[in-house]
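Data first, discussion second: the structure below is written as structure tokens.
Keep in mind the model is a prediction, meaning the values are calculated, not measured. Proteins get letters first, then strands, A, B, ... in listed order; numbering begins at 1 in each.
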There are 2 protein chains.
Amino acid sequence: MTVSKTADKTAEKSSEKPADTAKGRKDAAEAQGAAEALQLGELSEQLGYVLKRAQLKVFENFLRCMASLQLTPAQFSVLLLVEKNPGRNQTEIASTLGILRPNFVALLDNLESRDLCARIRSTNDRRSHILVLTDKGKAVLTRAKKLVATKHEARLNDLLGQANREALIEMLSKIANEF
Amino acid sequence: MTVSKTADKTAEKSSEKPADTAKGRKDAAEAQGAAEALQLGELSEQLGYVLKRAQLKVFENFLRCMASLQLTPAQFSVLLLVEKNPGRNQTEIASTLGILRPNFVALLDNLESRDLCARIRSTNDRRSHILVLTDKGKAVLTRAKKLVATKHEARLNDLLGQANREALIEMLSKIANEF
DNA sequence: GATAATTGTTATGGACCATATCAAATATAG
DNA sequence: CTATATTTGATATGGTCCATAACAATTATC
């Protein structure tokens, strides 16, 4: 990395339409005045720093893989959770994803407007909305899973190896749950 | 996790001042209607999902450890990088941290107003501001490093073990750099 | 049957991120 | 050497995500 210092100068301000926002962030460190490569020093040993950067890269790659389905990580996680737990209401789905109820509304509005998910008034408790995947939602989720498996996870396996990938996820889960 | 179902009901709307925002996010999944614990299913195997949650936990813990010094992860990374690379300008520091120049201004304003960092007009190129740590900045950074080592990283070592912690950071670095 | 709690929702503000644009200073072309 | 282009720090602005307060409808509780 930190390839050329004066290579793609012209392609900065003129053409090159904004594309997705991830592109902009990716090029940030490279396109700006990346002169002689600074010393990261202890920064490269900081868990938080490397975690954040890895997370950004993974999300970026996820979005690229899902470009054809137009699913964000958050949307994908909602579909996965609703599929696994049909008949739950918004509060339950949102809270287990760490999403606050108010912020979950717009997210659901989006999925529902695309006919991927449906809100059904519960007969037991007419306050709550039961969530289910539509047929289209199920189909899209199936395709999404395949894309994730073949394009996203496969790439991680290439990079780390199967065993390391599993160890990584286990460690991250441990941090997420017990830290 | 997912401890009690009706334990701390009263402590939700009444007292319990907002405190830091991390507290609010942490309790989100627990305080809301966490009824019978949903099945995460494939979600717990999704790299992006577990990465994001781990990152939130780590940042949250970092902020707690740094409460006495009032340093965010971003501010800490700036101090570390400026210490390691004195005499660089804003563009260089910002870009290697993946921060866009416009957003770096307020960050620096903050550090400078607290007398941790100083902008010095370069004599070579009078457009650029050379960044250096003040004496106070160096002292604070030294204390910050100790806090991180004893409170933050030590906790990670307790959780994963020294060897695993190093393996984790190496894998995350690989993802951040090569994914 | 009156009060409290819950559900989904709206409104709102803050933090972070990204782009366009600017003046000053410098680099480069002709 | 002068005219143009580029770079640097900065401002303004809009978007997204996150967090809190408040509300109507509904349900639970006393």
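Separating the CG atom of A:Asn110 from the P atom of D:dC17 is a distance of 10 Å, rounded to the nearest angstrom. Between the CG atom of B:Leu56 and the P atom of D:dC17 there is a distance of 14 Å, rounded to whole Å. Taking atom CG on B:Leu108 and atom P on D:dG9, their separation rounds to 9 Å, with Å as the unit. Summarising the geometry, the separation between CD1 on B:Ile130 and P on D:dT8 is reported as 11 Å, rounded to the nearest angstrom. Atom CD in A:Glu60 sits roughly 14 Å away from atom C1' in C:dC17 (whole-Å rounding). Computed from coordinates, the A:Gln75 CD to D:dC17 P distance equals 9 Å when rounded to whole Å. Counting to the nearest Å, the C1' atom of D:dT8 and the CG atom of B:Asn124 are 14 Å from each other. Between the CD1 atom of B:Ile120 and the P atom of D:dT8 there is a distance of 18 Å, rounded to whole Å.
Between A:Ser128 and D:dT26 there is no side-chain N or O to OP1 or OP2 distance below 4.0 Å. For A:Lys52 and C:dC17, the shortest distance from a side-chain N or O to OP1 or OP2 is below 4.0 Å.
Look at A:Glu170 and A:Lys174 and you find no salt bridge, because none of the NZ, NE, NH1 or NH2 atoms lies under 4.0 Å from a carboxylate O.
Residue A:Lys138 holds its NZ atom at 13.0 Å from CG of A:Leu116, rounded to the nearest 0.5 Å.
Nearest nucleotide to the side chain of B:Asp125, out of C:dT26, D:dG9, C:dG8: C:dT26. For A:Arg127, taking side-chain heavy atoms from C-beta onward, the closest of the listed nucleotides C:dA25, D:dA25, C:dT9 is D:dA25.
Ring geometry for B:Phe76 versus B:Phe62: interplanar angle of 30 to 60°, hence tilted.
Residue whose closest nucleotide on DNA chain D sits further toward the 5' end, between B:Asn89 and A:Thr123: B:Asn89.
Contact check for A:Gln90 versus A:Leu131: side-chain heavy atoms found under the 4.5 Å cut-off. Counting heavy atoms from C-beta outward, B:Leu51 and B:Leu172 have side chains that approach closer than 4.5 Å.
Not a single donor-acceptor pair under 3.5 Å links the side chain of A:Lys151 to the backbone N or O of A:Arg64. Under the 3.5 Å distance criterion, the side-chain polar atoms of A:Glu45 are left unmatched by any main-chain donor or acceptor of A:Glu42.
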Which pairs, protein N/O on one side and nucleotides 10-15 of chain C N/O on the other, fall under 3.5 Å?
none

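Side-chain atoms of A:Arg126 and base atoms of D:dT26 include no donor and acceptor less than 3.5 Å apart.
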